[in-house]
Protein chains: 2
Amino acid sequence: MKNYKPKGRLSAIEYINGVLKGDRVLLSRAITIIESNLESDKALAKEIIQAILPHSGNSIRIGITGVPGVGKSTFIEAFGKHLVKEGHRVAILSIDPSSQRSKGSILGDKTRMEELANLEEAYIRPSASGDTLGGVANKTGETMLLCEAAGYDVVLIETVGVGQSETAVHGMTDFFLLLMLAGAGDELQGIKKGIMEMADMVVINKADGDNIRMSEMARLQYQNALHIFPQSESGWAPVVSTASAIKNIGISNVWDEIQKFKKLVDENGYFLKNRNHQQIQWMYNNINEELKNLFYGSKAIAKHLKVLEQEIISAKISPVKAAQIVLDEFKKTL
Amino acid sequence: MKNYKPKGRLSAIEYINGVLKGDRVLLSRAITIIESNLESDKALAKEIIQAILPHSGNSIRIGITGVPGVGKSTFIEAFGKHLVKEGHRVAILSIDPSSQRSKGSILGDKTRMEELANLEEAYIRPSASGDTLGGVANKTGETMLLCEAAGYDVVLIETVGVGQSETAVHGMTDFFLLLMLAGAGDELQGIKKGIMEMADMVVINKADGDNIRMSEMARLQYQNALHIFPQSESGWAPVVSTASAIKNIGISNVWDEIQKFKKLVDENGYFLKNRNHQQIQWMYNNINEELKNLFYGSKAIAKHLKVLEQEIISAKISPVKAAQIVLDEFKKTL
């Protein structure tokens, strides 16, 4: 596939029909409109999203995270190929608030999952670029809707960035998969607190060769640990398994577990309840971020906040009073 | 001690001097000013806080949480008495956004920790009332500053409410203690996800009689589980112990661990770093809550949001567009 560069824009209806027909080139171009920061593209993007909205949602959305070195790309490649073999169409997206499109991450993503990228039934799209996690999450979320409308029935969203990306991915997916390595300890430093408790499944990757015994021990440890932690609202008890993505071992088991999960949450009503909750929360996230932008976007206020922070640390002013001062200042500008 | 009812107000300087001298009656009256929602009291409260601010901070702040039935009051009574015996002055506060002062929670709190309440070196103050967690947290936080200025060198803040209270308490304390019971399983349902990972120490309470063996097993389970979870930024590895508050077993050990923690975080600089971070975050929490109030406080907007939520669920509108519509509406009112 050639490196595609859009020269002009089509009409909204052309993008919409292209996406609904599953045309990969038009899907890619429509996503480019979604990701664009040009004002003219924003109106077009809204029209496209509005039209494809009723055709979205028919997929299982799977979030995948893990620290660098855990073998995420290899796992996604093996997992994606398995899904295609099972008759699914798979879209692979990522969230990376720090990414710069100009750094060539498209090429990077395609290279690191070469075999998968060559399959007609798989669609790989690198992370949208953007300054804020909220902005990137919006773009990834809307890209997900487009992929669903284009007929992809499994969407994998991987986190690339660190920090809050996991929470964003957890907030837009049905099933959250955490990849780990045996030999718990130092690698854990990269996992933020709270991430573990989001996991519906933990996969100990690189369970091959000399590593098999350690991986099995790690599996038991995690399984015991997860058992005593609070149960999820979904009613699903998180499972821990081992896998070797590079040797294609334990990959089909991951999909089996996800299907068991899907059956459970379809039957107990959690799937729909959670989807509705996520959609509504998506609106509120946008509102809350924009409210913060209104306030923190002011240079005068940002400068004042830095001064107040120092005064708070040196006990010259109470945090509550400091907030009031700067809020009064803000209200005067309204 | 008589049930005190304020008839009038003193001058700011009288409250300030009273608090700094450790006068319990004036401390209580000053806290009443802090908790008051009267406009005239708010100015007085600000003056008091501003004056005592440089005298605050000289305590170790300990958050205590656990589901109902875990024996929290009995534990706090035993722990408080131990601290007093060790020469400390202890203030016990609580966060309960659902509390109604009129329901007589003062009497309730004093009754449930009767022996501790009778000690000169212990000061028990029930939760401030309020509609929002943010408002209650502000009042509890400022009450904590007053207690410190009055010479209490250990502040215990317990959560009474459920849900987000734990996060609020975690955000204003140095050390976070989670009380649990043996026989993990059903009791865990009451603990929200993420709480476990906040704990610096887990105490399995009611470890007495027939329960000792189960408690020891639970201790090992939790200890193993916590070990494989991500390490805290403080550098402290969470500890798990057993205790029987009612038989006064294992109580001194809790204080020993807290002292070890304090030594570690004093030496590695985390104590001060975290305190500064918490103080600054306190300001930002106030700002963010007030920004939300500006927006969500509008009845027209609240009504519109309900309509948009339904349109989102029925795929008539995208969450991003819904947010834009209501934000545009809000901006027109500014």
Side-chain angles (χ1 to χ4, degrees), chain A residues 46 49-50 53-54 56-57 138 141-142 145 184 188-198 218 221-222 224-232 276 279-288 290-292 294-295 305 308-309 312-313 315-324 326-327 331 334, chain B residues 46 49-50 53-54 56-57 138 141-142 145 184 188-189 191-198 218 221-222 224-232 276 279-288 290-292 294-295 305 308-309 312-313 315-324 326-327 330-331 334:
Chain A
K46 268 187 218 171
I49 291 293
Q50 191 65 27
L53 205 51
S56 68
N138 269 343
E142 293 185 326
L145 301 180
L188 277 170
Q189 309 275 349
I191 301 266
K192 275 196 64 171
K193 289 206 166 223
I195 303 298
M196 189 71 92
E197 291 195 41
M198 287 180 189
Q221 266 193 314
Y222 282 109
N224 286 335
L226 288 172
H227 264 314
I228 67 162
F229 277 68
Q231 213 196 353
S232 167
N276 286 343
Q279 292 289 103
I280 289 171
Q281 200 51 49
W282 190 357
M283 171 179 74
Y284 285 110
N285 290 346
N286 270 271
I287 291 171
N288 295 339
E290 181 62 20
L291 290 175
K292 285 188 187 173
L294 276 176
F295 182 83
L305 284 169
L308 289 169
E309 283 187 10
I312 287 171
I313 288 177
K316 280 186 195 149
I317 191 169
S318 92
V320 178
K321 192 177 175 184
Q324 280 168 343
V326 78
L327 279 162
K331 283 177 191 166
L334 294 182
Chain B
K46 269 187 219 171
I49 292 292
Q50 192 63 27
L53 206 52
S56 69
N138 269 343
E142 293 185 327
L145 302 180
L188 277 170
Q189 309 274 347
I191 301 266
K192 275 195 65 171
K193 289 205 165 222
I195 303 298
M196 189 72 89
E197 291 193 41
M198 288 181 188
Q221 267 193 312
Y222 283 108
N224 286 334
L226 289 172
H227 264 314
I228 68 163
F229 278 66
Q231 213 195 356
S232 167
N276 286 343
Q279 292 289 104
I280 288 171
Q281 200 51 47
W282 190 357
M283 171 179 75
Y284 285 110
N285 290 347
N286 270 271
I287 291 171
N288 295 340
E290 181 62 19
L291 290 175
K292 285 188 188 175
L294 277 177
F295 182 83
L305 284 168
L308 289 169
E309 284 188 10
I312 287 171
I313 289 177
K316 281 186 196 151
I317 192 168
S318 91
V320 178
K321 192 175 174 186
Q324 280 168 343
V326 77
L327 280 162
F330 172 67
K331 284 177 192 165
L334 294 181

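Just so we're on the same page: letters track the sequence lines, and every chain starts at 1. Note that the structure is predicted; figures quoted are calculated from it, not measured.
By number of non-hydrogen pairs under 4.5 angstrom with chain A, the leading residue of V326(B), L145(B), N285(B), N288(B) is N288(B). Note: I287(A) leads L291(A), I287(A), I317(A) in heavy-atom pairs under 4.5 Å with chain B.
By the 4.5 Å heavy-atom criterion applied to side chains, Q279(B) and I313(A) are not counted as neighbours.
For the pair E142(A) and S318(B), the tightest heavy-atom approach, listed with the atom from each and the gap, is OE2-OG, 4.3 Å.
At a 4.5 Å heavy-atom cutoff, the contact between I49(A) and chain B is made by side-chain atoms alone. For E309(A), the parts sitting under 4.5 Å from any heavy atom of chain B are the backbone and the side chain alike. Contacts of L305(A) with chain B are made by both backbone and side-chain atoms, with heavy-atom separations under 4.5 Å. With a 4.5 Å cut-off on non-hydrogen atoms, I280(A) touches chain B through its backbone and its side chain both. For Q324(A), the part lying near chain B is the side chain, with the backbone staying farther off; criterion is any non-hydrogen pair under 4.5 Å.
A distance of 4.0 Å separates NZ of K321(A) from CD of Q50(B), quoted to the nearest 0.5 Å. Going from atom CD of E197(A) over to atom CD of E197(B) covers 4.5 Å, rounded to the nearest 0.5 Å.
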Take F330(B) and L294(A), measure what side chain to side chain contact (heavy atoms under 4.5 Å, CB included) needs, and give me the verdict at the end. CA-CA 12 Å; F330(B) 172 67; L294(A) 276 176; 4.1 Å; yes
So N224(B) and N224(A), side chain to side chain contact (heavy atoms under 4.5 Å, CB included) or not? Walk me through it. CA-CA 8 Å; N224(B) 286 334; N224(A) 286 335; over 6 Å; no
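Residues forming a side chain to side chain contact (heavy atoms under 4.5 Å, CB included) with N286(A) (at least two apart in sequence, or on another chain): N138(A), W282(A), V320(B), A323(B). Judged as a salt bridge (Lys or Arg N to Asp or Glu O under 4.0 Å), and not counting sequence neighbours, K316(A) has no contacts.
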